[in-house]
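This report refers to the structure that appears directly beneath it.
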Amino acid sequence: MKVFIDQLTKKFGDVIGVEDLTLHIDDGEFVAFLGPSGCGKTTTLLTLAGIYKPTEGEIRFDERVVNRVPPKDRNIGMVFQSYALYPHMTVFQNIAYPLKLKKVAKAVQHERVEQVATTMGIGNLLDRRPGQLSGGQQQRVALGRALVKEPDILLFDEPLSNLDARLRLTMRGEIKHLQKDLGITSIYVTHDQVEAMTMADRIAVMNGGHLQAFDAPDELYSRPKTQFVAGFVGNPPMNFLSVEVSQAEGRYVAQAAGLRLEIGRERGERPASHAGAVVMGIRPEDIQISEDGTVAGEIYIVEPLGREDLIDVRVGRHSFLLLASTETQHHAGERVKLSFDMEKAQFFDPQTEKSLLWRQ
């Protein structure tokens with residue numbers, strides 16, 4: 001089922017939850033709503049679910065306008081962060097509950113519950129109660145309860161937040177695999193960029209109730225349309241600094257106090273034509289400690305991450321985070337030279353925070 005959100009605004013008195021949001025989701029697509037707390041992602045999800053009514057705008061499932069359709073008549077399945085299982089019911093009864101409300105015949109209930117439980121790998125847990133299950137098992141029950149309705153759309157509200165890191169990794173793969181097998185249009189709310197990047201076909205990045213970008217994970221990472229997207233997507237986060245970009249004799253240069261970096265024509269032409277300083281962004285993986293480096297700095301701190309080290313290097317008043325192999329030992333106070341892959345550099349208008357390289 002396709003989902004159309006057109007100029008959606010939801011207000012709570014004078015407080016704006018989401019404003020003028022427009023995006024279209026394809027049939028069978030897995031879309032993530034990503035952003036910090038208070039950005040409007042859960043408000044949008046609950047409006048899609050029918051729990052909130054839009055203040056303005058329109059929501060359509062295929063060609064059907066659902067603005068005033070009650071949640072029970074939207075044929076959606078919803079999975080919550082808290083699982084929301086009934087503690088006095090068995091796993092079987094929890095999964096079957098939506099079918100019971102629809103007065104589905106008991107024989108059909110048994111057949112569909114057993115089918116879903118087998119798919120979720122919890123067929124041997126049907127007689128247990130939620131208190132006898134692990135967090136991962138409870139999450140599978142909650143997902144099974146959403147699927148047993150055979151919904152047109154699946155809505156996920158930060159469903160993995162209560163799980164430990166290893167189990168989150170497992171469940172990410174299971175949910176993605178299941179969604180692809182079933183082909184159900186799915187919308188997944190998260191503040192965790194790793195979840196969004198690894199699971200979603202496209203990601204809607206939100207901030208302050210507004211849509212910042214809606215694109216494939218690779219596009220958001222490599223061609224961010226705004227400074228917010230560039231800084232929010234990617235871990236460790238992108239380095240930013242104010243630079244002047246100029247052109248002389250066919251060569252483009254980005255300059256700041258104690259820093260001079262050459263840029264290729266493709267990256268430098270638009271920033272150079274911008275009046276005044278611009279914001280340059282470069283990711284930690286695009287900076288290397290190298291004997292051939294042209295920028296001298298001093299290591300401020302080294303943070304071991306296991307396979308690699310996160311290193312904070314100070315160049316004058318500028319600070320750069322970069323990643324380095326643990327095979328090369330570095331220490332605080334060490335003088336190093338840095339090389340920058342300027343073909344990966346990003347440039348933004350300091351007033352609008354929009355990209356100077358990629359048009360929206």
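Taking the ring centre of Phe61 as origin, the terminal cationic atom of Lys2 falls outside the region bounded by 6.0 Å and 45° from the ring axis.
Side-chain contact check for Met280 versus Leu261: some heavy-atom pair is nearer than 4.5 Å. Side-chain contact check for Ile299 versus Ile301: every heavy-atom pair is 4.5 Å or farther apart. You'll find the side chain of His24 stays beyond 4.5 Å of the side chain of Ile5, heavy atoms only. A 4.5 Å side-chain heavy-atom check between Glu56 and Lys10 finds every atom pair outside the cut-off.
Taking the six-membered ring for Trp and thresholds of 30 and 60 degrees, Phe156 and Tyr188 have ring planes inclined between 30 and 60 degrees apart. Using a 30° and 60° split on the angle between ring planes, Phe232 and Phe228 fall in the parallel class, below 30°.
The backbone N or O of Arg270 sits less than 3.5 Å from a side-chain atom of Ser273, completing a donor-acceptor pair. Between the side chain of Arg168 and the backbone N or O of Ser161, no donor-acceptor pair lies under 3.5 Å.
More than 12 heavy atoms of other shown residues, nucleotides or ligands fall within 6.0 angstrom of atom CZ in Arg335. More than 12 heavy atoms of other residues, nucleotides or ligands lie within 6.0 Å of CD in Gln132, so this atom counts as buried by the packing criterion. For NZ of Lys106, the number of neighbouring non-hydrogen atoms (other residues, nucleotides, ligands) closer than 6.0 Å is 12 at most. Residue Asp164 qualifies as enclosed at atom CG: its count of foreign heavy atoms under 6.0 Å is above 12. The 12-atom threshold is exceeded at CD of Glu298, counting heavy atoms of other residues, nucleotides or ligands nearer than 6.0 Å. More than 12 heavy-atom neighbours from other residues, nucleotides or ligands sit within 6.0 angstrom of NZ on Lys180. At most 12 heavy atoms of other shown residues, nucleotides or ligands fall within 6.0 angstrom of atom OH in Tyr97.
Between Glu195 and Arg172 there is no salt bridge, since no side-chain N of the basic residue sits under 4.0 Å from a carboxylate O of the acidic one. Arg251 and Glu262 are joined by a salt bridge, as a carboxylate oxygen and a charged side-chain nitrogen come within less than 4.0 angstrom of each other. The pair Asp201-Lys176 meets the salt-bridge criterion, with a side-chain N (NZ, NE, NH1 or NH2) lying under 4.0 Å from an Asp/Glu carboxylate O. Under the 4.0 Å criterion applied to side-chain N and carboxylate O atoms, Glu114 and Arg112 are not assigned as salt-bridge partners. By the 4.0 Å N-to-carboxylate-O rule, Asp6 lies close enough to Arg60 to be salt-bridged with it. Salt bridge status for Glu174 with Arg140: present, with a side-chain N to carboxylate O gap under 4.0 Å.
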Audit row: Gln212, Thr226, side-chain hydrogen bond (donor to acceptor under 3.5 Å, both in side chains) steps and yes/no: CA-CA 7 Å; Gln212 293 280 318; Thr226 69; 3.0 Å; yes

Applying side chain to side chain contact (heavy atoms under 4.5 Å, CB included), run through Leu155 and Leu46 and close with a yes or a no. CA-CA 9 Å; Leu155 304 178; Leu46 295 179; over 6 Å; no

Please report the C-alpha distance between Asp157 and Lys41 in whole Å, then the side-chain angles of each, then the deciding distance to 0.1 Å, and finally whether the salt bridge (charged side-chain N to carboxylate O under 4.0 Å, His left out) criterion is met. CA-CA 9 Å; Asp157 187 12; Lys41 55 188 187 294; over 6 Å; no

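No close placement of the His274 and Phe347 rings is indicated, their centers lying 6.0 Å or farther apart.
Closest approach of Gln109 to Ala96, counting heavy atoms only: OE1-CB, 3.9 Å.
Screening Leu338, Val313, Ile311, Leu323 for a side-chain contact (heavy atoms from CB on, under 4.5 Å) with Ile287, the sole residue that qualifies is Leu338.
To the nearest 0.5 Å, the span separating CG on Asp286 from CG on Leu322 amounts to 11.0 Å.
Take Asp152 and apply the side chain to side chain contact (heavy atoms under 4.5 Å, CB included) test, not counting sequence neighbours, and it matches Met1, Asn75. When the side chain to side chain contact (heavy atoms under 4.5 Å, CB included) test is applied to Ser319, the partners found at least two apart in sequence or on another chain are Asp312, Arg314.
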